[in-house]
Every structure is written in C-alpha cells, then in structure tokens.
Amino acid sequence: MQLSRRTIALVLFVAVASILAVATAAAAPTEVTYMCWYNTTQSEAQGNQAIIDKYNASQSAVHVTMITIPRDGYETKVNTMAASSQLPDTTQLSEAMAIQFAAAGLLADVSKMYAPDQAPLKSLTFTYKGKPVGYSSGNEVLLLYYNKKLFDAAKLPYPPASADKAWTWQQFVDVARKLTKDRNGKTPNDAGFDANNIVTYGADFNRLWWMWPIVTYSNGGGLMSPDGKELWIGKTESIEALQTLANLYIKEKVAPSMSDRSAMPSLDLTLLTNKVAMATSGQWEMGVSLNNSLKDGLDYGVGVLPKMKKALTYNTGAPFGIFSTTRHLDSSLAWIKWWSAEENQWSLITGGILMPVLAKWYKTEDAMRQWADHPPRPAFSMYKTAVIDYAMNNAIQVPWYYFNGYQGLDDILSSGIDAVWNGKTSAKDYITSIMPKLQKYFDEHKAN
C-alpha cells in the first residue's frame with residue numbers, strides 16, 4: 001500500500017514532535033523545594049531567594065523553589081506537614097531541631113553528599129545512630145570579646161589570645177573586679193563601692209540557655225557525656241561551675257543581673273558605650289554586631305574563654321536538612337552541597353559572620369588568610385590563635401549534635417534557673433530539685 005505524501009509528512013511530523021517532546025522532558029530540570037522561616041515578615045527571606053536564584057542560574061539540572069513559613073511554631077508546622085505527606089525536599093534547621101527530626105524519621109542520611117576525605121569537619125556533623133543527617137552551614141565558637149580602651153585606661157594586659165595561656169577563673173574575676181566601676185569610679189576592691197549604681201561591669205559571661213553550660217565542661221563536668229548516654233549536670237563539678245558562674249553577679253558584683261542584661265543593647269553597643277568591659281559570645285558577632293560600631297570608634301579585641309580546669313569552647317553551626325520523604329535525593333544533595341560550599345557563602349565568611357566548614361581552609365596559613373585576614377575581624381595574628389587554633393584544638397560539640405531532645409532537656413533545666421542567677425536559691429538546691437524530672441526525660445531520649 002502506498003502512502004500519500006500528506007500521510008508521510010504527517011507521520012514524520014508526529015515522529016519529530018515525539019522526539020522533541022522526549023528531548024524536552026529529558027532536559028527539564030528536577031524540581032526541588034526548599035523551606036525556610038522568617039521571624040516577622042516574609043521579606044526577611046529575600047537573601048535566601050537571591051542565593052537560590054544564583055544556583056538556578058548556575059546550572060540546568062535542578063530548579064529550586066523556596067517556601068517560607070513563620071519561625072514561630074516551625075517545629076509544629078513540620079510535624080503537621082509530615083503527617084499529611086506534604087514535606088518539602090530540603091529545609092533550613094536550627095541546631096536543636098536536627099536530631100529531633102532525625103529520630104522521628106524525617107531526615108535523610110546525607111553520607112553520600114561528600115567523599116570521606118572532602119567532608120566538613122567532624123565537629124560540624126549532626127549524627128544519628130552513627131549516620132550523618134546534616135552538616136553545619138558554618139563553623140562558630142564561643143569567645144571572649146573586650147573593649148581595648150577600658151583595658152588601656154586601667155593599665156591592664158589584654159585577655160589571652162591562645163588556649164595555652166587562658167586565664168584561670170580566678171584571674172578572670174580579678175581582672176573583672178578592677179574593670180568594674182560604680183558612678184563614683186570605685187571598684188569592688190575599694191571601700192565604699194556602690195554595687196547598686198554600677199556604671200561599667202567588668203565582665204558578662206553569656207547565660208543564654210545553650211552557652212553557659214560550657215563552664216561545666218571546663219570544670220570537669222558537663223550537661224552529658226559526649227556519647228549522649230550519661231547525664232552529667234548533677235555531678236559535683238557541674239553544680240560547682242554553675243554556682244561559680246552565678247557568683248559573678250551574686251558575690252563578685254562584676255557582672256550585670258539578668259534583668260540588667262536584658263535591657264542592654266547588642267554586644268557592639270554594650271562594649272562601645274562602656275557598659276561592659278569584656279563579654280562572651282560567638283564568633284559570628286564580628287560580622288553581625290561588632291562591624292556596626294567600628295565606624296563609631298569601637299576598638300575591640302578577642303581572646304579565649306577563661307578556664308576552670310580545662311581550656312574549652314563550644315562549637316556549633318545551624319545545618320540544612322534533607323527530608324527523608326524526598327523523591328529527589330541526589331538533586332537535593334547537589335543543591336544543599338552547593339549552598340554549603342564556601343565559595344557560595346564567601347561574603348558571609350570574609351564578612352566575619354561564618355567560618356568555613358571544610359578542613360582545607362584550616363590547613364595552611366595562606367588558606368586561612370584568604371578568609372580570615374579581613375575586617376571586621378581583628379588582626380590575623382590575634383584571630384588565628386584566639387579563634388582558628390581554639391576552634392580546631394579546644395572546641396567540643398554542643399550536645400544538640402548528637403542528643404535527641406536537647407531543647408526539651410533545656411526547657412526543664414531552664415524552667416527556674418533565674419533563681420540561681422539572682423541568688424534566690426543555690427545551684428545545688430536547684431539542680432537537686434529538678435534532677436528526677438531531668439533524669440526521666442534524659443533516659444527517654446538518650447542514645448541507644
């Protein structure tokens with residue numbers, strides 16, 4: 001049977017159209033969703049959208065679409081979405097969420113994201129049942145910041161910038177007493193010192209719920225064992241450290257009360273306005289806070305934390321997560337790995353907000369200078385020993401890297417701790433009173 005030219009043309013047209021359709025389908029990028037939160041308005045997520053746009057333009061295999069939801073109630077929202085099988089592919093996580101979500105079966109194993117010799121530092125890996133479920137997007141450690149002008153005026157040496165020279169706790173207190181001034185210029189060492197009218201506090205050791213426990217580890221105790229199997233907050237060393245920290249305000253009169261502290265502005269202004277001579281916080285303050293006041297004359301330095309028995313600091317960093325329900329694991333891994341790469345966060349790193357997560361940036365001085373030898377960070381010689389070396393050699397993980405339910409444990413621990421900070425009860429009496437509840441919760445969530 002002979003086909004007409006018209007029939008042949010039609011057949012050829014259909015064949016070509018089918019081939020083109022198949023080719024187009026093959027070339028279509030894989031759709032991956034990314035969920036992040038905002039605190040007050042959705043416009044806060046614009047920075048995330050800019051990064052997503054950059055990624056989408058950089059390649060054609062994956063297209064990422066952002067979903068924004070309020071930060072308040074985020075955990076509840078995720079659980080609701082999981083129950084209705086509506087989870088996105090990837091997400092922003094706070095540190096306290098990661099293992100909790102992994103234990104609920106919501107996070108994917110991300111061990112395929114990196115080759116073994118190219119993975120982020122082990123200290124930045126969130127692990128559940130021996131498998132990585134997330135990596136911190138940046139490296140952060142706790143440090144001691146200080147106002148150089150106040151030290152110079154008091155003719156005092158600056159705080160040590162290396163762990164091997166870390167002040168003992170008593171040395172820290174002694175210096176803080178000399179820097180604390182009442183409205184008449186008297187210190188706690190002077191007769192007639194007016195503790196009710198302090199103008200400058202010598203020190204403020206951050207009593208934020210996840211920061212203050214570093215002193216318990218420094219004293220030979222801690223919140224829990226590093227394997228997450230033993231609760232340590234009831235140890236004598238832990239209770240002693242908590243009381244010693246509280247005594248900065250109660251006994252030594254060198255630190256602000258919690259109510260005074262809540263009324264203080266950000267760290268940069270607290271130092272700039274001479275409200276506090278030295279204070280503890282995270283590495284991120286250099287780019288987030290301190291940078292704001294350099295133009296106003298703030299001359300700050302950075303040192304290591306005072307030690308009780310061991311020179312230690314906490315390390316942490318918020319992770320990205322990939323939900324286990326994703327149908328596009330490889331594409332999700334590719335997207336999150338891209339966003340985590342230093343070159344795609346370079347402005348945040350050189351701007352003082354983040355430290356790199358990959359070991360290669362810490363191996364040589366040239367590699368370190370590429371990201372660390374920039375303002376608003378202090379001189380590289382100071383930063384290298386006080387921050388980089390400190391992070392590599394003296395940092396321990398906040399337990400949310402490995403303990404399921406860290407937030408719930410803290411809720412119990414913090415429920416009445418203000419009574420310790422303001423001296424209405426002792427650390428020993430307080431911890432003793434909540435230990436049964438703490439132990440029960442811990443036993444229900446500890447690593448198996």
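By convention here, the first residue in the shown sequence is residue 1.
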Candidate pair E75 and N79, rule side-chain hydrogen bond (donor to acceptor under 3.5 Å, both in side chains), full reasoning: CA-CA 6 Å; E75 293 87 341; N79 290 328; over 6 Å; no
Side-chain donor or acceptor of Q345 paired with backbone N/O of S137 under 3.5 Å: yes
Donor-acceptor contact below 3.5 Å, side chain Q439 vs main chain L231: no
Evaluation steps, side chain to side chain contact (heavy atoms under 4.5 Å, CB included), between F126 and Q397: CA-CA 10 Å; F126 289 81; Q397 291 180 315; over 6 Å; no
Donor-acceptor contact below 3.5 Å, side chain T270 vs main chain P265: yes
Nearest heavy-atom neighbours spanning L269 and S293: CD2-OG, 3.7 Å
Reported OH-to-OG distance for the pair Y249 and S259, which is rounded to 0.5 angstrom: 6.5 Å
Verdict with reasoning, V78 to L87, per side chain to side chain contact (heavy atoms under 4.5 Å, CB included): CA-CA 7 Å; V78 170; L87 284 172; 3.9 Å; yes
Within 6.0 angstrom of K275 NZ, more than 12 heavy atoms from elsewhere: no
Minimum heavy-atom distance V420-L242, with the two atoms named: CG1-CG, 4.2 Å
S136 side chain vs N139 backbone, donor-acceptor pair below 3.5 Å: no
Considering all heavy atoms, the nearest P213-Y314 contact: CB-OH, 3.6 Å
Side-chain touch I233/M435, heavy atoms, less than 4.5 angstrom: yes
Check: P188 main-chain N/O paired with R177 side-chain donor or acceptor under 3.5 Å: yes
Ring geometry between Y383 and W371 (parallel below 30°, tilted from 30 to 60°, perpendicular above 60°): perpendicular
Donor + acceptor pair across side chains of D389, T385 (<3.5 Å): no
Nearest atoms (heavy-atom pairs only) where Y441 meets G408: OH-CA, 3.3 Å
W400 and T316 side chains, donor-acceptor separation under 3.5 Å: yes
Cation-pi check, K149 onto F151 ring (under 6.0 Å, within 45° of axis): no
Check: T216 side chain, G221 main-chain N or O, donor-acceptor pair, under 3.5 Å: no
Donor-acceptor pair between T90 and W335 side chains, under 3.5 angstrom: yes
S340 (side chain) donor-acceptor with I336 (main chain) under 3.5 angstrom: yes
Stepwise ring-ring contact (aromatic ring centres under 6.0 Å, His included) test for Y34 and W339: CA-CA 12 Å; Y34 172 73; W339 196 348; 5.0 Å; yes
Non-hydrogen side-chain atoms of Y406 and Q100 separated by less than 4.5 Å: no
Residue pair M224 / K446, side-chain heavy-atom distance below 4.5 Å: no
Exercise: do S266 and D268 side chains pair donor with acceptor under 3.5 Å: yes
Within-4.5 Å side-chain heavy-atom neighbours: Q243 and I250: yes
Pair Y201, D260: side-chain N/O donor-acceptor within cut-off below 3.5 Å: yes
CG-OG1 distance between D418 and T425, expressed to the nearest 0.5 angstrom: 12.5 Å
Rounded distance [0.5 Å steps], CD in E252 versus OG1 in T244: 9.5 Å
Smallest separation among heavy atoms of Y402 and V398, with atom names: CE2-O, 4.2 Å
Result of checking Y145, Y158, Y300, F172 against M278 for side-chain contact (heavy atoms from CB on, under 4.5 Å): F172
Residue pairs involving residues 91-113 (criterion salt bridge (charged side-chain N to carboxylate O under 4.0 Å, His left out); sequence neighbours excluded): K112-D330
N147 side-chain N/O to A277 backbone N/O, donor-acceptor pair under 3.5 Å: no
Qualifying ring pair (Phe, Tyr, Trp, His ring centres under 6.0 Å) pairs, either residue in residues 79-121, two or more places apart: Y114-Y135
K77, NZ: over 12 other non-hydrogen atoms inside 6.0 angstrom: no
Within 6.0 Å of CG in D53, more than 12 heavy atoms from elsewhere: yes
Geometric class of the Y217/W232 ring pair [parallel <30°, tilted 30-60°, perpendicular >60°]: tilted
Worked check of side chain to side chain contact (heavy atoms under 4.5 Å, CB included) between I322 and M113: CA-CA 11 Å; I322 299 176; M113 188 180 296; 4.1 Å; yes
Euclidean distance, L358 CG relative to L121 CG, rounded to 0.5 Å: 7.5 Å
Main-chain N/O of W284 paired to E140 side chain as donor or acceptor, under 3.5 Å: yes
Heavy atoms of other groups near K295 NZ, more than 12 under 6.0 Å: yes
Summary of ring pair (Phe, Tyr, Trp, His ring centres under 6.0 Å) pairs that have at least one residue in residues 409-435, sequence neighbours excluded: W212-W421
Over all atoms of both residues, closest heavy-atom pair of W167 and P157: CZ2-O, 4.2 Å
Minimum side-chain heavy-atom gap W338-S58 below 4.5 Å: yes
Pairwise side-chain contact, W209 with I417, heavy-atom cut-off 4.5 Å (strictly under): no
N/O donor-acceptor pair under 3.5 Å between E342 side chain and V357 backbone: yes
Heavy-atom side-chain contact between W169 and N219 under 4.5 Å: no
Within-4.5 Å side-chain heavy-atom neighbours: M355 and V387: yes
Derivation of the side chain to side chain contact (heavy atoms under 4.5 Å, CB included) call for L413 and L223: CA-CA 10 Å; L413 184 57; L223 285 183; 3.7 Å; yes
From N291 atom CG to L298 atom CG, the distance as rounded to the nearest 0.5 Å: 10.5 Å
Full working for side-chain hydrogen bond (donor to acceptor under 3.5 Å, both in side chains) between T125 and T127: CA-CA 6 Å; T125 303; T127 305; 5.6 Å; no
Between OG1 on residue T280 and CE on residue M211, distance to nearest 0.5 Å: 7.0 Å
K428, NZ atom: more than 12 neighbouring heavy atoms under 6.0 Å: no
